[in-house]
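Below is one structure; the comments refer to it alone.
In what follows, every chain begins at residue 1, and chains take the letters A, B, ... in the order their sequences are listed.
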Number of protein chains: 2
Amino acid sequence: MVQFSQLRRFDTSFAAISDATRRGVLEQLGRADASISELAQRFDMTLTGMKKHVGVLEQAGLVTTQKVGRVRTCRLGVGGLREEAAWIERYRQMWAARFEDLDKIVEQLKQKESSDGRSTTE
Amino acid sequence: MVQFSQLRRFDTSFAAISDATRRGVLEQLGRADASISELAQRFDMTLTGMKKHVGVLEQAGLVTTQKVGRVRTCRLGVGGLREEAAWIERYRQMWAARFEDLDKIVEQLKQKESSDGRSTTE
């Protein structure tokens with residue numbers, strides 16, 4: 001059985017959103033479709049640089065592009081980061097439980113200390 | 001104003017979880033603290049390889065380590081991916097709205113087509 005954490009697809013999608021420009025491009029395309037050159041201009045980047053970023057997003061299924069004439073239009077892809085969100089959510093629950101456990105241990109140690117303190121003074 | 005998408009910190013954290021082994025390490029440490037060598041053994045990896053992965057997680061604030069004698073123990077760090085989860089959630093909402101818009105446009109085109117069809121046959 002493949003563990004959830006071991007889905008290689010997540011490698012591509014999390015890597016795709018590990019760049020501020022690429023996250024910005026996704027937000028921009030969430031508002032409206034845009035051509036590569038519009039995106040390049042908006043993010044103050046060369047066409048070549050923007051093409052690379054869009055390529056990474058495309059490979060992760062987060063963006064699709066379509067060339068009509070000389071213009072390549074970018075829009076959001078079908079990948080909606082649903083399972084990635086679920087992984088993070090699961091991790092957050094585990095994380096919270098783990099810190100709650102630690103809090104309890106610290107609390108128990110404190111109580112033990114204060115009761116030990118009392119028995120010494122008796 | 002720094003945009004949410006432009007938080008450079010996200011670059012480090014999303015990159016840290018863009019690797020199946022590192023996600024596995026986080027899940028493992030969510031169950032119990034572990035030494036580097038225990039982790040290396042569990043993920044069938046050299047000590048050097050595991051040290052690198054733990055280093056990446058540590059830099060992202062997702063793991064902390066403490067060396068006692070010859071053993072370096074790893075535990076979950078204070079970084080709980082809370083804001084990263086919020087970014088993805090915001091993106092998912094935008095994504096859903098965008099696809100809903102497209103659905104509406106397709107629906108309108110269909111209705112127009114069928115009413116055009118009717119007026120031609122009249």
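Pairing each heavy atom of A:F99 with each of B:L76, the nearest pair is CZ-O, 3.7 Å. The shortest heavy-atom contact between A:L81 and B:R92 is O-CD, 3.8 Å. Of all heavy-atom pairs between B:M94 and A:E27, the closest is CE-CA, 3.4 Å. Closest approach of A:A15 to B:S18, counting heavy atoms only: N-CB, 3.4 Å.
Neither the backbone nor the side chain of B:R75 comes within less than 4.5 Å of any heavy atom of chain A.
Heavy-atom pairs under 4.5 Å with chain B were tallied for A:L29, A:T12, A:I17, A:V78; the largest tally goes to A:I17. Here A:A32 is the residue among A:S13, A:A85, A:A32 with the most heavy-atom pairs under 4.5 Å with chain B. Annotation: maximal heavy-atom pairing with chain B below 4.5 Å, among A:A16, A:G30, A:G80, occurs at A:G80.
Using non-hydrogen atoms only and a strict 4.5 Å limit, the part of residues 50-72 of chain A facing chain B consists of A:L62.
Between A:L26 and B:W87 there is a side-chain heavy-atom pair separated by less than 4.5 Å.
Rounding to the nearest 0.5 angstrom, the gap separating the CD atom in A:E84 from the CZ atom in B:R23 is 9.0 Å.
Using a cutoff of 4.0 Å between basic side-chain nitrogens and carboxylate oxygens, B:D11 and A:R22 are not scored as salt-bridged.
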